Amino acid sequence: MKRRGRPTTYSAGGLVSRGLTHREWPPAWRRHDLQATYDVVVIGAGVHGLATAYYLAANHGIRKVAVVDKGYVGGGGSGRNTAIVRSNYLTPEGVRFYDRSVKLYERLAADLNFNVMFSQRGHLTLAHNDGSLRTMRWRAEVNKLEGVDSQVISPDEIAELVPFMDVSADTRYPILGALYHPPGGTIRHDAVNWGYARAADALGVEIHQNTEVVGIDVEDGRVQGVRTTRGHVSAPVVVNCTAGWASLVSELAGVRLPISTHPLQAAVTEPVKVFLDTVVVSGTLHVYVSQTDRGELVFGASTDPYPSYSMRGSLEFTEELAGHVLELMPSIAKLRVLRQWAGLCDMTPDFSPIMGVTPVAGFLLDVGWGTYGFKAGPVAGEAMAELVATGRTPEIIAAFDLARFQDGRLVGEKGAAAVGH
Amino acid sequence: MFRIPCPHCGLRNVSEFRHVGEARTRPDPHTATPEQWRAYLYEQRNVAGWSVESWYHGSGCRQYIGVERHTVTNETRPIARAPESGHAAAGSASPDAGAPDADSAS
Ligand SMILES: Cc1cc2nc3c(=O)[nH]c(=O)nc-3n(C[C@H](O)[C@H](O)[C@H](O)COP(=O)(O)OP(=O)(O)OC[C@H]3O[C@@H](n4cnc5c(N)ncnc54)[C@H](O)[C@@H]3O)c2cc1C
Ligand SMILES: [Zn+2]
């Protein structure tokens, strides 16, 4: 039986009553048998697949949708990222796109009735040399033209915002300034995944975990359906939202991508009293830091220097990371690393995503999310749903098509996305 | 840390090397269509399995070398034939070396 409309509301009253009666909460989404046909099959239950399914149902009334994942909801990058959300990119196309996502994130908790803990605490990208300072001025101007709050600030202003940072001139990489982006911040990534899954489920979307796609049927240049470990499904539209595994899934449909998969690692420390209420990124030192509400410091870096599908953490990473973090914040030397992990990133040559149609009709891409795709979940889902529903590529993603590599129209975002995800 | 078999220096830590790319054949610039050229520039097989790659031994013999690596486990093994140097130095690996892993993508 299908439930339609809004899921069970979470409210203070509900919390009190369930607390007193010990009644179980209903599962946030249901299990189903796999049906023989769907209007749309979405491969990958990360934020991109789930958001696409949610907006298909919510904005376009397309509800006969299956989201299939070989693992579990949020088991890919969407549950492994460091949850930075921002829109201070370098190209106008990029800025417009990510800004729409920030806007959607701002009202997402209300839309999904799920607390996604979006904290717009401000985002700082440090410049340690003239080259980066120049790129930051450039970014600030592009951002302002697109109506995004973004400015270059001085070391004194940085010291005020980030009390523990070493802004003195006698360090190895003195800080010359920073790009300051007040609306940037962090979000609770699991909550976003679960919120989308729950809201999509309530609208009739089926979420199938432990269902791996092992084949994609194409006839006369049209997609016919997918073969999964739980059976065959036919569908006129198949959307590839598999990020780090995107090449493998596309290859099943005979579409080769300009993507290589790199591991990206991150780590958190033991929790300490909250002292850092901004996100700080240093491209030169290959490191970024934020603090969670629980007090853990979250550290990230750039990807491992060679492609791999291995999701193991490495000692080299932790050593290098610790060295760089201490150059920025010498006073946290006594903190211990609590855990470290890795996820897979689908890197493109221009650090921009690949979205839209392919040479195989009905086989659509929402991939190439590299190290920066979590923040794009809402806007990508919204745009992909519109593409499926109308058959036309929305303006906001037009620049990110696969054909740009043929036509030489790359959207170079390396300067804004290589380290600061 | 895994190790890479350098034909000149033996087994060395991966941190001594720079990953250059998948081995691929450069099309003839005089006859290649734009599609072939772009495919050569950008497309990756990106297999999850054995892959023939070009690496640069920057902290060793400073040669471009060919090596076979399993991209899931990071096991490595030497390849039978060394890549042609001139081509590899251009940044993209050995000619015609796709053969050993040609079927691992499907
Ligand atoms: C350590 C780290 C830090 C990051 N930090 C940030 C950040 O701060 N900000 C930001 O915006 N981004 C960040 N990212 C990037 C971000 O996590 C990803 O770009 C984003 O989560 C991709 O979402 P997705 O839904 O496209 O893919 P994923 O969440 O990776 O989901 C893909 C899903 O596809 C499934 N799948 C794969 N193959 C198959 C198959 N054959 N059949 C069925 N299912 C399949 C997988 O099981 C997986 O669940 C970070 C990534 C990492 C690893
Ligand atoms: Zn050597």
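Note: hydrogens, waters and symmetry copies are ignored here, and every other heavy atom, side chains too, is used. Remember, it's a predicted structure, so these values are computed and weren't measured experimentally. Each chain gets a letter, A, B and so on, in the order the sequences are listed, and its residues count up from 1.
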Crowded around [X] [atom1]? As in, over 12 foreign heavy atoms under 6.0 Å?
X        : atom1 : value
B/Arg38  : CZ    : yes
A/Arg312 : CZ    : no
A/Glu320 : CD    : no

Side chains of B/Tyr42 and A/Leu410, heavy atoms from C-beta outward: is any pair under 4.5 Å?
yes
Does any part of the side chain of B/His19, heavy atoms only, come nearer than 4.5 Å to the side chain of A/Pro307, both counted from C-beta?
yes
Given that the side chain runs from C-beta out, which part of B/Trp55 has a heavy atom under 4.5 Å from chain A: side chain, backbone, both or neither?
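Side chain of B/Trp55 only, per the 4.5 Å heavy-atom cut-off to chain A.
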Against chain A, label B/Arg69 side chain, backbone, both or neither, depending on which of its atoms sit under 4.5 Å from a heavy atom there.
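Answer is side chain: those atoms of B/Arg69 sit under 4.5 Å from chain A.
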Using heavy-atom distances under 4.5 Å, tell me whether [X] contacts chain B through its side chain, its backbone, both, or neither.
X        : answer
A/Asp304 : neither
A/Glu316 : side chain
A/Thr261 : both
A/Leu257 : backbone

Can you tell me how far [atom2] of [Y] sits from [atom1] of [X], rounded to the nearest 0.5 angstrom?
X        : Y        : atom1 : atom2 : result
B/His70  : A/Ser310 : NE2   : OG    : 11.0 Å
A/Ser314 : B/Met1   : OG    : CE    : 8.0 Å
B/Arg45  : A/Glu251 : CZ    : CD    : 7.5 Å

Donor-acceptor contacts under 3.5 Å from residues 345-355 of chain A side chains, at least two apart:
residue, atom, partner, partner atom, Å
A/Asp346, OD1, A/Trp369, N, 3.3
A/Asp346, OD1, A/Gly370, N, 3.0
A/Asp346, OD2, A/Gly368, N, 2.7
A/Asp346, OD2, A/Trp369, N, 3.0
A/Thr348, OG1, A/Asp350, OD1, 3.3
A/Thr348, OG1, A/Phe351, N, 3.2
A/Thr348, OG1, A/Ser352, N, 3.2
A/Thr348, OG1, A/Ser352, O, 2.7
A/Asp350, OD1, A/Ser352, N, 3.3
A/Asp350, OD1, A/Arg404, NH2, 3.0
A/Asp350, OD2, A/Arg404, NE, 2.8
A/Asp350, OD2, A/Arg404, NH2, 3.2
A/Asp350, OD2, A/Val411, N, 2.8
A/Ser352, OG, A/Val411, O, 2.7

Taking B/Thr71, B/Val14, B/Asn46, B/Asn74 one by one, which has the highest count of heavy-atom pairs under 4.5 Å against chain A?
B/Asn46
Taking A/Pro258, A/Pro263, A/Ser250 one by one, which has the highest count of heavy-atom pairs under 4.5 Å against chain B?
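Between A/Pro258, A/Pro263, A/Ser250, the count favours A/Pro258.
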